[in-house]
Amino acid sequence: MNLETPLKNIESFLDSIIGHSDNVFLANIRLNPGNAVEVFLDAEDGITIEKCTQVNKALYKYIEETEMFPGGNFSLEVSSPGLDEPLKLYRQYKKNVGRNVEITMNDGSSKQGKLVEVSDENIVIEQKQGKGNKGAIEKRIVTFNQIKHTKVLVTF
């Protein structure tokens, strides 16, 4: 089975039910072995369980009615992207301004810092130079085309 077709159909359906929302957006879709569909929704002010449940019910019904998977053999999970999921979309970067991030660069190197600014072409992070409270803060500009992936760091 061509995996691209179900993914495009699911994405199109999701766009029809959440695409008009100013707040909720599709962060990612994955189709894993055994037709395990994972949908990750996000929102500027956080996605609710109720919204995930609502989308799950509508999408499940759509997949069943369109007989997308032979014999109805599929599983579906709709959730928010966890902290282990990298940021993929501009909207996710904007949502996480002010949080600490770890950026893995295309060359394999990494940078950590506080995400302070996001533009169409790049992000700006603040990195502390030196040790202790006396270290200078340096701003670094990283273009999106240099980034392999970015993850939000959990700090306590």
Side-chain angles (χ1 to χ4, degrees), residues 3-4 6-15 17-60 62-63 74-133 135-156:
L3 299 181
E4 200 169 302
L7 289 176
K8 283 185 179 185
N9 291 342
I10 290 169
E11 185 172 357
S12 177
F13 176 77
L14 290 170
D15 187 52
I17 62 173
I18 65 170
H20 306 292
S21 170
D22 291 334
N23 190 26
V24 177
F25 58 93
L26 177 63
N28 196 17
I29 304 173
R30 282 197 294 248
L31 181 55
N32 298 313
N35 299 328
V37 180
E38 291 180 304
V39 174
F40 298 99
L41 302 178
D42 210 343
E44 276 83 10
D45 57 358
I47 191 79
T48 65
I49 292 173
E50 291 79 15
K51 186 64 176 179
C52 287
T53 301
Q54 176 189 12
V55 171
N56 186 301
K57 286 178 182 178
L59 181 56
Y60 195 93
Y62 169 76
I63 291 172
F74 72 96
S75 66
L76 175 63
E77 178 184 333
V78 177
S79 66
S80 65
L83 289 176
D84 57 335
E85 288 292 319
L87 304 179
K88 291 188 176 274
L89 305 172
Y90 174 82
R91 288 174 84 173
Q92 289 177 295
Y93 279 92
K94 288 294 275 185
K95 172 186 171 181
N96 286 288
V97 167
R99 298 184 79 182
N100 290 322
V101 295
E102 179 176 32
I103 304 164
T104 301
M105 309 299 283
N106 289 328
D107 67 7
S109 65
S110 66
K111 299 181 183 317
Q112 287 187 8
K114 183 178 183 179
L115 181 62
V116 293
E117 192 178 319
V118 180
S119 72
D120 290 339
E121 297 85 30
N122 57 52
I123 63 173
V124 178
I125 61 170
E126 287 181 345
Q127 293 180 302
K128 203 178 257 192
Q129 304 300 315
K131 299 196 182 223
N133 293 333
I137 300 222
E138 184 176 304
K139 289 188 177 185
R140 296 203 182 252
I141 298 172
V142 182
T143 59
F144 282 114
N145 64 3
Q146 294 175 299
I147 299 173
K148 183 175 183 179
H149 61 79
T150 303
K151 291 191 175 187
V152 175
L153 295 175
V154 179
T155 54
F156 297 98

Side chains of [X] and [Y], heavy atoms from C-beta outward: is any pair under 4.5 Å?
{"X": "T150", "Y": "T104", "answer": "no"}
{"X": "H149", "Y": "L87", "answer": "no"}
{"X": "L153", "Y": "Q112", "answer": "yes"}
{"X": "K111", "Y": "M105", "answer": "yes"}
{"X": "I63", "Y": "F74", "answer": "yes"}
{"X": "F144", "Y": "V118", "answer": "yes"}

Value rounded to 0.5 Å, distance of [atom1] in [X] from [atom2] in [Y]:
{"X": "N96", "Y": "D42", "atom1": "CG", "atom2": "CG", "value": "7.5 Å"}
{"X": "E38", "Y": "S75", "atom1": "CD", "atom2": "OG", "value": "8.0 Å"}
{"X": "E77", "Y": "N32", "atom1": "CD", "atom2": "CG", "value": "9.5 Å"}
{"X": "F40", "Y": "S79", "atom1": "CZ", "atom2": "OG", "value": "5.0 Å"}
{"X": "R30", "Y": "I10", "atom1": "CZ", "atom2": "CD1", "value": "13.5 Å"}
{"X": "I47", "Y": "I18", "atom1": "CD1", "atom2": "CD1", "value": "7.5 Å"}

What's the shortest heavy-atom distance between [X] and [Y], and which atoms?
{"X": "G113", "Y": "Q127", "result": "CA-CG, 4.3 Å"}
{"X": "P86", "Y": "K151", "result": "CA-CG, 4.1 Å"}
{"X": "Y60", "Y": "L76", "result": "N-CD2, 3.6 Å"}
{"X": "Q92", "Y": "P81", "result": "NE2-CG, 3.8 Å"}
{"X": "Y93", "Y": "L115", "result": "O-CD2, 3.4 Å"}
{"X": "I147", "Y": "I123", "result": "CD1-CD1, 3.9 Å"}

inquiry  = Let's go through I29 and L7 carefully: what are the C-alpha distance in whole Å and the side-chain angles of both, what is the deciding distance for side-chain contact (heavy atoms from CB on, under 4.5 Å) to 0.1 Å, and is it a yes or a no?
reply    = CA-CA 7 Å; I29 304 173; L7 289 176; 3.4 Å; yes
Any donor-acceptor pair under 3.5 Å from [X] side chain to [Y] backbone:
{"X": "Q146", "Y": "T143", "answer": "yes"}
{"X": "K148", "Y": "D107", "answer": "no"}
{"X": "K139", "Y": "I125", "answer": "no"}
{"X": "N106", "Y": "N145", "answer": "yes"}
{"X": "S12", "Y": "K8", "answer": "no"}

query = Does R91 pair with E44 as a salt bridge, N-O distance under 4.0 Å?
reply = yes
request  = Could you go through the side-chain contact (heavy atoms from CB on, under 4.5 Å) check for D120 and Y90 one step at a time?
outcome  = CA-CA 8 Å; D120 290 339; Y90 174 82; 4.0 Å; yes
Step-by-step side chain to side chain donor-acceptor pair (under 3.5 Å) determination, N56 to T53 = CA-CA 5 Å; N56 186 301; T53 301; over 6 Å; no
key: salt bridge (Lys or Arg N to Asp or Glu O under 4.0 Å) assessment of R140 paired with E138   = CA-CA 6 Å; R140 296 203 182 252; E138 184 176 304; 3.0 Å; yes
